[in-house]
S.K.: 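The following block contains the structure, expressed as structure tokens.
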Amino acid sequence: MTETIETTVDVPSGLPAAVPTPRPGDPRLARLSLNQATVKRWSLAEAVEGCLRAGVPAIGPWREPVAEMGLAAAARLLRDSGLRVSSYCRAGFLTGTDRAAALDDNRRAIDEAAELGAPSLVMVVGGLQEGDRDLAGARGRVVDALAELVPYAAERGVRLGLEPLHPMFCADRAVLSTLGQALDIAERFASEAVGVVVDSYHVWWDPQVRAQIARAGERIVIYQACDWVLPIPADPLLGRGMVGDGYADVGGLRRAVDAAGYTGDIEVEIFNADVWAADGDAVIATVARRHVQYVV
């Protein structure tokens with residue numbers, strides 16, 4: 001009788017895993033966090049349970065699943081789970097025409113982050129309105145809005161993290177395209193109030209990124225890890241890949257943020273239709289394997 005040995009495969013590639021899956025308690029997982037967007041089809045409860053099964057010690061929840069569960073229930077779930085909350089996604093969109101509505105929504109997001117125990121709120125600042133070509137003016141509106149939001153967030157112990165996005169998202173999502181641009185605005189405020197998000201997918205291409213990471217220092221609120229894969233899909237938002245499947249030096253950027261003094265969580269955030277279609281436990285197992293293979 002011949003014994004059949006099942007080969008562990010990575011998702012979404014379907015290729016045999018290059019390293020064994022680390023077990024819960026493995027010290028190499030100590031800083032790993034699962035951004036909930038990586039398992040988009042799971043509820044917050046399912047994502048928490050998946051992290052606990054895999055030994056992933058932290059999670060970055062999103063506002064929509066929190067709203068589906070209810071804020072009080074979500075906060076209780078996270079507290080009872082023992083997982084760290086690495087960040088809360090997301091707020092921002094400060095460049096539109098209805099400034100009052102944007103500020104109100106951001107205040108609600110700050111309140112939610114505080115209730116969940118999130119140390120930082122990720123801010124995607126917003127793009128240009130239709131027909132608008134004034135980038136400097138849009139960035140000025142971001143500064144003006146932050147001036148109103150920072151005292152509110154500080155009172156609640158929530159740090160705002162400005163996230164620069166790849167330039168292809170400048171028109172519709174973020175008029176901050178480089179870490180340097182994000183720091184130019186963040187540095188107008190106290191470092192304990194406003195920091196920056198370093199997302200490998202968005203900044204890997206920038207020839208100044210390592211110098212800007214060193215400049216950021218204590219302002220780094222979260223390091224988000226994923227890869228730049230080709231071909232770019234029809235919806236470029238879904239072009240993120242598992243670490244190791246693409247072109248970004250995710251491990252090198254991790255070493256750079258550590259050298260700058262960052263000691264926090266490494267949060268894996270992947271928007272990818274094939275990842276979302278895969279089994280959630282297989283996704284988290286692949287995330288853990290790629291983390292020990294390419295990041296730590």
Side-chain angles (χ1 to χ4, degrees), residues 11-12 29-52 54-69 74 77-78 81 83-92 109 112-113 116-124 159 161-166 173 195-204 220-229 237-246 248 250 253-254 257 262 264-276 278 280-291 294-295:
V11 295
L29 300 182
R31 294 174 66 189
L32 179 60
S33 176
L34 179 76
N35 184 286
Q36 194 182 351
T38 305
V39 286
K40 185 176 177 64
R41 295 189 178 183
W42 272 1
S43 67
L44 179 59
E46 289 170 325
V48 165
E49 291 164 2
C51 286
L52 294 174
V56 174
I59 190 169
W62 274 65
R63 294 185 70 190
E64 292 82 0
V66 166
E68 289 173 6
M69 173 172 277
L77 170 70
L78 292 168
S81 74
L83 297 178
R84 295 189 304 274
V85 178
S86 52
S87 74
Y88 189 44
C89 288
R90 68 189 172 179
E112 293 163 16
L116 296 173
S120 61
L121 175 65
V122 175
M123 305 285 285
V124 174
R159 200 176 186 198
L162 305 182
E163 182 174 13
L165 270 56
H166 189 279
R173 291 186 175 269
V196 293
V197 176
V198 179
D199 184 320
S200 57
Y201 174 80
H202 289 301
V203 303
W204 72 275
I220 300 171
V221 302
I222 190 72
Y223 176 52
Q224 293 182 327
C226 63
D227 218 330
W228 179 283
V229 294
L237 277 175
L238 306 187
R240 295 167 174 253
M242 281 285 176
V243 175
D245 282 350
V250 180
L253 291 171
R254 194 276 303 164
V257 298
Y262 179 71
D265 290 315
I266 300 165
E267 189 179 278
V268 176
E269 181 186 55
I270 302 174
F271 297 3
N272 182 296
D274 292 331
V275 171
W276 291 344
D281 287 308
V283 168
I284 298 177
T286 304
V287 164
R289 289 192 294 270
R290 297 301 182 86
H291 183 74
Y294 292 106
V295 183

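Computation of the quantities below employed the complete heavy-atom set of this structure, encompassing side-chain atoms and omitting hydrogens, waters and symmetry-equivalent molecules.
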S.K.: For E269 and W62, what are the C-alpha separation, side-chain angles and deciding distance, and is it a side-chain contact (heavy atoms from CB on, under 4.5 Å)?
M.R.: CA-CA 11 Å; E269 181 186 55; W62 274 65; 3.4 Å; yes
S.K.: Indicate yes or no: at least one non-hydrogen side-chain atom of P12 is less than 4.5 angstrom from one of D245.
M.R.: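 A side-chain contact under 4.5 Å exists here.
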S.K.: Which residue, S200, S33, C89, forms the side-chain contact (heavy atoms from CB on, under 4.5 Å) with Q224?
M.R.: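 Of the listed options, the one satisfying the test is C89.
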S.K.: Measure the shortest side-chain to side-chain distance between E68 and S43 over non-hydrogen atoms and say whether it is less than 4.5 angstrom.
M.R.: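 Contact flag for E68/S43 side chains = no.
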S.K.: Side-chain contact test, heavy atoms from C-beta onward, threshold under 4.5 Å: evaluate it for V243 versus Y294 and give yes or no.
M.R.: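 In contact.
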S.K.: My understanding is that only residues two or more places apart in sequence, or in another chain, count here; which of them pass ring pair (Phe, Tyr, Trp, His ring centres under 6.0 Å) with W228?
M.R.: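 Per chain and number, W228 pairs via ring pair (Phe, Tyr, Trp, His ring centres under 6.0 Å) with H166, Y201, W204.
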S.K.: How far does CD1 of I59 sit from CG of D265, to the nearest 0.5 angstrom?
M.R.: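 Spacing of CD1 (I59) from CG (D265) equals 11.5 Å.
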S.K.: Applying side-chain contact (heavy atoms from CB on, under 4.5 Å), run through L44 and L77 and close with a yes or a no.
M.R.: CA-CA 9 Å; L44 179 59; L77 170 70; 4.0 Å; yes
S.K.: Which atom names give the shortest non-hydrogen contact between G60 and E267, and what distance separates them?
M.R.: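 Closest approach of G60 to E267, heavy atoms only: CA-OE1, 3.7 Å.
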S.K.: Could you pull out the closest heavy-atom pair between S81 and L78, with the gap in Å?
M.R.: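 Taking S81 first and L78 second, the nearest heavy atoms are OG-O, 2.8 Å.
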S.K.: How far apart are the closest heavy atoms of L83 and A58, and which atoms are they?
M.R.: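 Closest approach of L83 to A58: CD2-N, 4.2 Å.
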S.K.: Kindly write out the residues that satisfy ring pair (Phe, Tyr, Trp, His ring centres under 6.0 Å) with Y262, not counting sequence neighbours, or none if the list is empty.
M.R.: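 With sequence neighbours excluded, Y262 shows a ring pair (Phe, Tyr, Trp, His ring centres under 6.0 Å) to no residue whatsoever.
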S.K.: Do you know the tightest heavy-atom contact between M69 and A45?
M.R.: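 Heavy atoms of M69 and A45 come nearest at CE-CB, 3.8 Å.
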S.K.: Minimum heavy-atom separation for L116 to V85, with atom names?
M.R.: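 In this case the closest contact between L116 and V85 is O-CG2, 3.6 Å.
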S.K.: I need the F271 CZ to W276 CH2 distance, nearest 0.5 Å.
M.R.: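 One gets 6.0 Å once the value is rounded to the nearest 0.5 Å.
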S.K.: With sequence neighbours left out, write down each residue that passes side-chain hydrogen bond (donor to acceptor under 3.5 Å, both in side chains) with E163, or none if nothing qualifies.
M.R.: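 Residues passing side-chain hydrogen bond (donor to acceptor under 3.5 Å, both in side chains) with E163: none at all.
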S.K.: Between V197 and V221, is any pair of side-chain heavy atoms under 4.5 Å apart?
M.R.: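 Yes, their side chains come closer than 4.5 Å.
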S.K.: Would you indicate whether the side-chain heavy atoms of V283 and T38 approach each other to under 4.5 Å?
M.R.: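 Heavy-atom side-chain distance check passes, below 4.5 Å.
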S.K.: Quick one: CG on L32 to SG on C51, what's the gap to the nearest 0.5 Å?
M.R.: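 The distance works out to 8.0 Å.
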S.K.: Taking atom NZ of K40 and atom CG of N272, what is their separation to the nearest 0.5 Å?
M.R.: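 With rounding to 0.5 Å, NZ (K40) is 12.5 Å from CG (N272).
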S.K.: Looking at R240 and D199, is any side-chain nitrogen of the basic one under 4.0 Å from a carboxylate oxygen of the acidic one?
M.R.: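 A salt bridge links D199 with R240.
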S.K.: In sequence, state the C-alpha distance, the side-chain angles, and the governing distance for I222 and S86, and then conclude on side-chain contact (heavy atoms from CB on, under 4.5 Å).
M.R.: CA-CA 7 Å; I222 190 72; S86 52; 4.0 Å; yes
S.K.: Let's go through R90 and M123 carefully: what are the C-alpha distance in whole Å and the side-chain angles of both, what is the deciding distance for side-chain contact (heavy atoms from CB on, under 4.5 Å) to 0.1 Å, and is it a yes or a no?
M.R.: CA-CA 6 Å; R90 68 189 172 179; M123 305 285 285; over 6 Å; no
S.K.: Hey, what do you get for CG (L162) to CG (L121), rounding to the nearest 0.5 Å?
M.R.: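 Spacing of CG (L162) from CG (L121) equals 10.0 Å.
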S.K.: Do D281 and W42 make a side-chain contact, defined as non-hydrogen atoms from C-beta onward lying under 4.5 Å apart?
M.R.: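 They are in side-chain contact.
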S.K.: Got a donor-acceptor contact below 3.5 angstrom from the R31 side chain to the G264 backbone?
M.R.: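 Here the side-chain-to-backbone pair exists.
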S.K.: What distance do N35 atom CG and C226 atom SG have between them, rounded to the nearest 0.5 Å?
M.R.: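 Rounded to the nearest 0.5 Å, the CG-SG separation comes to 9.5 Å.
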S.K.: Work out which heavy atom in A225 is nearest to a heavy atom in V250; give both atom names and the distance.
M.R.: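 Distance-wise, the nearest heavy atoms are CB-CG1, 3.7 Å.
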S.K.: Check D227, V268, V229, I270 against M242 for a side-chain contact (heavy atoms from CB on, under 4.5 Å) and give me the one that passes.
M.R.: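 Result: among D227, V268, V229, I270, I270 is the only option passing the side-chain contact (heavy atoms from CB on, under 4.5 Å) with M242.
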S.K.: If we only count heavy atoms from C-beta on, is the Y88 to V122 side-chain gap below 4.5 Å?
M.R.: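 Heavy-atom side-chain distance check fails, nothing below 4.5 Å.
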S.K.: Between H202 and P164, is any pair of side-chain heavy atoms under 4.5 Å apart?
M.R.: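 Not touching, per the 4.5 Å side-chain cut-off.
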